[in-house]
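What follows is a set of notes on a single structure, which appears directly below.
Every chain is numbered from 1 and lettered A, B, ... according to where its sequence line falls, protein lines coming before strand lines. Please read these numbers as outputs of a predicted model, since none were measured by experiment. The figures that follow rest on heavy atoms only: side chains count, while hydrogens, waters and symmetry mates do not.
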Amino acid sequence: MSFGEEIITWYNKNKRDLPWRRVSDPYKVWLSEVLLQQTRVDQGTSYYLKFVENFPTVWDLASATEEQVLNLWQGLGYYSRARNLHFAAQQIIKEFNGVFPNSYKTILTLKGVGDYTASAIASICFDEEVAVVDGNVYRVLSRYLAIDTPIDTTEGKKLFKKLASDFIKGHNPSEFNQGMMELGALVCTPKKPNCENCPLSNSCESFAKQTMLDFPIKAKKTKQQRKFFNFLVINNEKEEYYFEKREGKGIWQNMYQFPLIETPKELGELSRTGLTVNKVSLPVKHVLSHQIIFAKFWECSIQTKEFNPESNWELFSVEQLEEKPLPRLIENYIPKLVKS
DNA sequence: TACCCGTGGTA
DNA sequence: TTACCAAGGGT
């Protein structure tokens, strides 16, 4: 059997029964693909079910507010995906009259849809012969051919797209693409590849040399910057708390947090006119892909005469917060408010 | 192009 | 405990 035949035969025998594999609606396939970007199936599945239930059609998604979409996305991370998803739903209504675009080229014009996602939808829903290249495909191909070109370079991306495009030729595009990813997810795994049960081990270059774990090669390492966040936890006599909406370009855009004071180092003492600090949390370490945040929560009470809230601060009860999109760091602190 | 964007699981 | 990384995309 050819490479592609091996992949497809193995896939049809070993594929998992996943919710988005039971549907043919390109809208739902799109939802699943965006939800699973840089996200494990175990982590994304419950979100997929929530989204399909709350927004059964692209019209429902487009009609929602961004805040509703972000709120449903809460906890999954990479929130630009949610904002772009909402934007793209409105694109589909306006530019495509509510009919999901049906080719790689047109799907690619949707916000938040790049080469991978456009290839996935076009192949799975419309049988277009375009190869997906995701983390799984990089791993499978780099090991199979023992390719030492780094995958995180322009040259590497171009090379692997070309290789996958050559391998897919003449095969069922949907089954080939999903088979490549499924093999990477279940057999050709990052740490302990199960080569004994791999349909390609006979002809795998790295298996022959037992160098599977040397691939794929990456050129860069991500560096994490340390940051010090101080959140002002201020409540009034009605047990409401001040919050602010994050704006601008950075992390957690359009999501809510306690009023923030960022400092270059850990803050030992906080003084602000009209506020008395009652309690301060130990630093909470919150690790992100490019930052490590050390957050202190300063629980304050108001000295009514001199206190002057900023104009962008809003008061919410704990109940009202249910409908506001919160970063995990903030969400995790809410139970402490109810206790004390 | 290099860098930014989250969260949680694993060894 | 650190390092890696999971169905990537935007700027």
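Two residues, A:Asn84 and A:Ser289, neighbour DNA chain C, and the one matched to the more 5' nucleotide by heavy-atom proximity is A:Ser289. Nucleotides of DNA chain B nearest to A:Thr154 and A:Gln43 differ in position, and the one nearer the 5' end is that of A:Thr154.
Comparing the C1' positions of B:dT1 and C:dG10 gives a spacing of 13 Å, expressed to the nearest Å. Nucleotides C:dC5 and B:dC5, compared at atom C1', are 15 Å apart to the nearest Å. Comparing C:dA7 with B:dA11, their P atoms are spaced 15 Å from each other, to the whole Å. Of the C1' atoms belonging to B:dG9 and C:dG9, the separation is 23 Å, rounded to the nearest Å. For the C1' atoms, the distance linking C:dC4 with B:dG6 amounts to 15 Å, nearest Å.
Here A:Phe294 and A:Phe229 keep their ring centres 6.0 angstrom or further from each other. Between A:Tyr47 and A:Trp73, the ring centre distance reaches or exceeds 6.0 Å.
Taking every side-chain heavy atom of A:Ile251 into account, B:dG6 is the closest of C:dA6, B:dG6, B:dA2. Listed nucleotides B:dT7, C:dG9, C:dA7 differ in distance to A:Met181; the shortest reach to its side chain belongs to C:dA7. Side-chain atoms of A:Pro190 lie closest to C:dA6 of the nucleotides B:dT7, C:dA6, C:dA7. Here the side chain of A:Leu36 is nearest to one of C:dG9, C:dA7, C:dC5, namely C:dA7. Listed nucleotides C:dA7, C:dG9, C:dT11 differ in distance to A:Lys111; the shortest reach to its side chain belongs to C:dT11. Each of B:dG6, B:dT10, B:dT1 was ranked by its minimum atom distance to the side chain of A:Lys191; first place goes to B:dT10.
Residue contacts for A:Gly75: at a heavy-atom cut-off of 4.0 Å it reaches the sugar-phosphate backbone alone, with no base atom in range. Backbone-only engagement by A:Lys218 is indicated by non-hydrogen atom pairs under 4.0 Å involving sugar-phosphate atoms exclusively. Here A:Val34 lies out of heavy-atom contact (under 4.0 Å) with every strand.
What separates NZ of A:Lys192 from P of B:dG9 is a distance of 19 Å, to the nearest Å. To the nearest angstrom, P of C:dG10 lies 10 Å from CD of A:Gln91. To the nearest angstrom, C1' of C:dG10 lies 13 Å from CG of A:Leu108. When rounded to the nearest whole Å, the span between CD of A:Gln38 and P of C:dG9 equals 9 Å. The interatomic distance linking A:Tyr78 (OH) with B:dC5 (P) rounds to 9 Å, in whole Å. Distance, A:Gln291 CD to B:dG6 P: 9 Å, rounded to whole Å. Rounded to whole Å, the distance from CG on A:Asn136 to C1' on C:dA6 is 8 Å. Between A:Arg246 atom CZ and B:dG6 atom C1' the separation is 12 Å, expressed in whole Å.
The phosphate of B:dT7 (OP1 or OP2) has a side-chain N or O of A:Trp252 nearer than 4.0 angstrom. For the pair A:Arg139 and C:dA6, the criterion of a side-chain N or O lying under 4.0 Å from OP1 or OP2 is met. Not one side-chain nitrogen or oxygen of A:Tyr138 sits closer than 4.0 Å to the OP1 or OP2 atom of C:dC5.
A salt bridge links A:Lys162 to A:Asp166: at least one charged side-chain nitrogen sits closer than 4.0 Å to a carboxylate oxygen. Contact check on A:Lys15 versus A:Glu175 returns no salt bridge, with no Lys/Arg side-chain nitrogen under 4.0 Å from an Asp/Glu carboxylate oxygen.
Checking each of A:Phe316, A:Tyr256, A:Phe307 against A:Tyr242 for a ring-ring contact (aromatic ring centres under 6.0 Å, His included) leaves exactly one that passes, namely A:Phe307.
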Self-check item: Verdict with reasoning, A:Glu323 to A:Gln68, per side-chain contact (heavy atoms from CB on, under 4.5 Å)
Solution: CA-CA 7 Å; A:Glu323 295 177 13; A:Gln68 288 173 315; over 6 Å; no
